[in-house]
Every structure is written in C-alpha cells, then in structure tokens.
2 protein chains.
Amino acid sequence: MYSSRNHRKKRMRTKAAETSKISERRLAARKTAAVEYEKRRARVLKAAAEVFKELGYSTATVDDVAKRAKIDRASIYYYFKGKKDLLREMVGGATAENVDMAEDIASSDRSPREKLRKLMVDLLVSYERHYPYLYVYVQEDMSRLLQDKSPWSKRMVALNHRFDVAVVQIIQEGLKSKAFRSTGDAKLIAAGVVGMCNWSHRWFEPSGKRRAAEIAETFADMVLDGLCS
Amino acid sequence: MYSSRNHRKKRMRTKAAETSKISERRLAARKTAAVEYEKRRARVLKAAAEVFKELGYSTATVDDVAKRAKIDRASIYYYFKGKKDLLREMVGGATAENVDMAEDIASSDRSPREKLRKLMVDLLVSYERHYPYLYVYVQEDMSRLLQDKSPWSKRMVALNHRFDVAVVQIIQEGLKSKAFRSTGDAKLIAAGVVGMCNWSHRWFEPSGKRRAAEIAETFADMVLDGLCS
DNA sequence: AGCGCAGTCAACACGGCTGTTGATTAACTG
DNA sequence: CAGTTAATCAACAGCCGTGTTGACTGCGCT
C-alpha cells in the first residue's frame, strides 16, 4: 500500500560490493540525503508532539501539525502513514526506556527508600528530556486506546502494566521490611506517587526555573519523610 | 434562536393568580410533567458524563450519548443546546461548590495540618459524590478551554485559579508557621498534592472496595507524616 | 541535454459529525 | 370528539478532517 513511499528503507540498503570512487560519492550523497530526510522527519514529529500536547491528540488536526512544521499538509503523508503513526513514533521509544528503567530500579539492591526516590527522579527527568513527547502519552488515556485492538495498543498497555507492577513492587518491599508504614495498600500508594509525577504534564515546562530533578527531590522528600517531619 | 425549545422556562413560569380547582389540577399536571422532564434531562446528562469520561469530550459524539441514554440523537437537541451545553451543565455546578469548599477550609481556624487533610478528603469525596461529572472536568485540560474565549470558559478558568490559590495559601501558612517543612516552595507542594488527588480520575471507581474518604486519608497520612515516619 | 528521483503541492473523494426542520405520535383537556 | 402541547424521529444540509492522487519542481548524475 505504502510501498512507493518507503524511501527510507530503500536508502538504508547499502551495497557493500561497490567500492569505486564514483559509487562512494553516490553513497555519500545518499547518506547526506538520508540525514536531511531524517532531520525533516524529526522536525515534523517535534511539531506534532507540541501540537498534540497543546490541543490534545483528538482535537489537533494534521493541518495544525503541518502549519506548526511550516510544511504542506500532504507532505506529512509523505513522511508518515497518518495521524496515528505520528503518535506512535513519538511515544513508542521513550516509553519502553522508562519501563526498563523502573524494572531496573525495582530489582536493584538499593533500599526501598532510595528506590522510590530514584524512580521519581528518573521519571520526571525522563519527562523533561523527552519533552513534550512523553507528556503526549501521559495525557492520552490508555483505557481509551484499549478500544483499539491494534498490536501497538496492546503493546502499550502491556508496557504500562509492567511499569505499574515495578512501582508496586518497590512499595510492597518497603512495607514488608517495615521501611515504609501506611494505612493503605501498596497499589494505592503507588497510585498516589505516580499520580503526583504524572500530573506534572499540566504544569511542568522545561524552560521554567525549576529542573525536573529538583522537583522530583522535593516530591520524594514529601512522600518519604512527610511535611510534618 | 432556540426560543421554540424553551419549554422548561415556559413551564417554570407559575401563575399564582389562578387558584380554581381546574387550574390547580393543571398546575399539578404541569409540575409532574416538569418533574418527568427534569428526570429525562438528568438521565441524558448522566449518560453524557459517562460517555465523555470514557471516550473523552472531543472523541465522544452526540450519537454515542444518545445510544447510551437510549434516546434519539435529535431528541438531545430538544433538551440541550448542543454538545458544549452538555459539558457545561455537568461541570458547572459542582465545580463552584468545590472552590467554595477549598476557600472555606483555607480561611477556617484549623491547623495547617488539619486543613490540608480536610481539603484532600473533601476533594476526593466530592469526586466520588459527583461521579463521573467532575472527572470529566478534571480530564479536560483547562489550558485547552482557554482557546475558547466564551464567558463560560473565563469563569471556569477563574474558578480553577481560585481553587489553586486556596491550596497554596494553606501550604504557605504551614510553611510559615513551621508546621510544614520542605525544600520546595508552596506552589510546588500544592501541585504535588492536587496532582495526587486529580490523577484518581484514571483509576478511581465508586463501586470499588475503597471509599474516597479512606483513600484520601491514606494520601494525607503519606503527605503529612511520610512513608518512613 | 536528458534521465531519474526526492520532495512538494493543489485538488479531490469520502466519511463522519453536528445541528435543524417539519412531520408525526401520544397524552392530556374541555 | 376536537384542540393543544410535549416529545420523538426521519431526513437533510453543511462542514470539517483525513488520506490519496497525479502533476510539478529542483537537483544531481551521466
């Protein structure tokens, strides 16, 4: 269906056999062309992330993205399959990273206290580093994506679940070892901690005076030691 | 424009002069009719709230609402001006209540500690009581409604701001009196506390085993005394 | 000069959603 | 029965957003 548009794949197929000067120059030309291609593609993706974050995925139109990227709307369909594809690409990579991060922390040999602190810091720093890509994902409700039975949606839901499990695990360990004390169960506490971090999508700006790491430390202090310590 | 549809207003105009038996009967008939009208209207509104919460305001269609309410789509336009009107009605009243609540707490003579706890409990209980009406509001980002310059939007943004101010005030009082201790400033802490509560729109269900009040108490304990107390 | 190809852009088809209207039904009233 | 009125419903108009197509441009290569 989109075979005529897969320039990227075509370009990536390097021919190792040809080593003459001419073909080297060709290869170089193709490589720089490919780099340009990727640059423009990334620019469009960045524009899309901004627009999606500001307007919300369903409200934003492909034309909004085009205007932001200063490109013709139809050209976007040259770089991406469509609106959904835009969302998937911006969200996919970074999310998987975050899940790995959470699981690594959970299975590390730190104390529960330090695990939870590190989780919060790393999470917010990740939101900052990938701004605004990851916030688009945070903003869009997973339970809504569940309607869509596509493999991508399933994968995203699975990743989401693994993340939650890792957080709950950290809390549970803390409760069991009496490092943490609470009237609620681990899931509830996890919901509170994660919610505190995720709600930052409504107010955090990377250009603001506070770095994500500072914010996360303040939150961690609050959760771990309490305001009335 | 909609004059031919304002049955409700027409009905509400009671004629105190007529007191004969016949007119009394008429009045009674109209009253029960009006009650029925309000009931059906409320049913539609409830359906709309459910659909908006599940699908998101912009994704949901008026037809989705109609199907949920088991009514013809066009009939919805008999009861409401349109999709926006649906949103406004479900969100308007309860929000104002919440702001009053927050301001009352802030200006009461409790300790900062008890103010913050009560705020969290009352907020979550309100979300539970008005479920799912208020979560629709929490879900929809205010900064997006800002685009729309309607008086309603302005009022909502103003209410939102008053709420935030009240919360910050409580925290500030706590910090000043040394009842609270934190590395961050009042706004940041407020963002954390409010975020923790608001994120509940993603997972809280009134039919679940935990009441909102319990949840809020757990959260308050965590924030005030810390997990490592 | 002539070929090929990445990339752009105007124009179109299509579908879905909103809001309206006018006819129609059902229930009540005298 | 005839008149009135709330409420429903089928059908329609218009708009907006998506995705596609085919022609066009500009550039590098031979």
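Reminder, nothing fancy here: chain letters follow the sequence lines and each chain counts from 1. These figures come from a predicted structure and were not determined experimentally.
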Practice prompt. Would you kindly check if the NZ (Lys) or CZ (Arg) of A:K83 is within the cone defined by 45 degrees around the ring axis of A:Y57 and under 6.0 Å from the six-membered ring centre?
Written response: yes

Discussion item. Just to be sure I understand the geometry, which residues of residues 56-71 of chain A put a non-hydrogen atom under 4.0 Å away from DNA chain D?
Written reply: A:A60, A:T61, A:V62

Worksheet item: How many angstroms lie between CG in A:L116 and CD1 in A:I105, if you round to the nearest 0.5 Å?
Response: 9.5 Å

Discussion item. By nearest atom, which of the nucleotides D:dC9, D:dT20, C:dA6 is closest to the A:Y78 side chain?
Written reply: C:dA6

Worksheet item: What orientation do A:Y79 and A:Y37 show, parallel under 30°, tilted 30 to 60°, or perpendicular over 60°?
Response: tilted

Worksheet item: Angle class for the B:Y131/B:F204 ring planes (parallel below 30°, perpendicular above 60°, tilted otherwise)?
Response: perpendicular

Worksheet entry | For atom CG of B:D85 and atom C1' of C:dG19, their distance in whole Å | 13 Å

Fill in: Nearest atoms (heavy-atom pairs only) where B:P132 meets B:K46
CD-CE, 4.1 Å

Discussion item. Measuring from the side chain of A:K83 (C-beta onward, heavy atoms only), which nucleotide among D:dC9, D:dG19, C:dG7 has the closest atom?
Written reply: D:dG19

Worksheet item: Rounded to the Å, how far apart are B:L87 CG and C:dT18 P?
Response: 13 Å

Item to complete: In whole angstrom, give the distance that lies between atom CD of B:E36 and atom P of C:dC28.
Response: 11 Å

Worksheet entry | Worked check of salt bridge (Lys or Arg N to Asp or Glu O under 4.0 Å) between B:R162 and B:D100 | CA-CA 9 Å; B:R162 278 173 54 199; B:D100 285 345; 3.6 Å; yes

Worksheet item: Atom OH of B:Y77 and atom P of C:dG22: how far apart are they, to the nearest Å?
Response: 18 Å

Fill in: Interatomic distance, B:D72 CG vs C:dA23 C1' [rounded to whole Å]
14 Å

Worksheet item: What is the distance, rounded to the nearest whole Å, between atom CD1 of B:I76 and atom C1' of C:dC17?
Response: 13 Å

Fill in: A:K81 NZ - D:dT18 P separation (whole Å)
18 Å

Fill in: Shortest side-chain distance from B:R40, nucleotide among C:dG7, D:dA7, C:dT8
D:dA7

Practice prompt. Report the relative orientation of the aromatic rings in B:F219 and B:W203; use parallel for angles under 30°, tilted for 30 to 60°, perpendicular for over 60°.
Written response: perpendicular

Item to complete: Would you state whether a donor and an acceptor, one from the side chain of A:R73 and one from the base of D:dG19, lie under 3.5 Å apart?
Response: yes

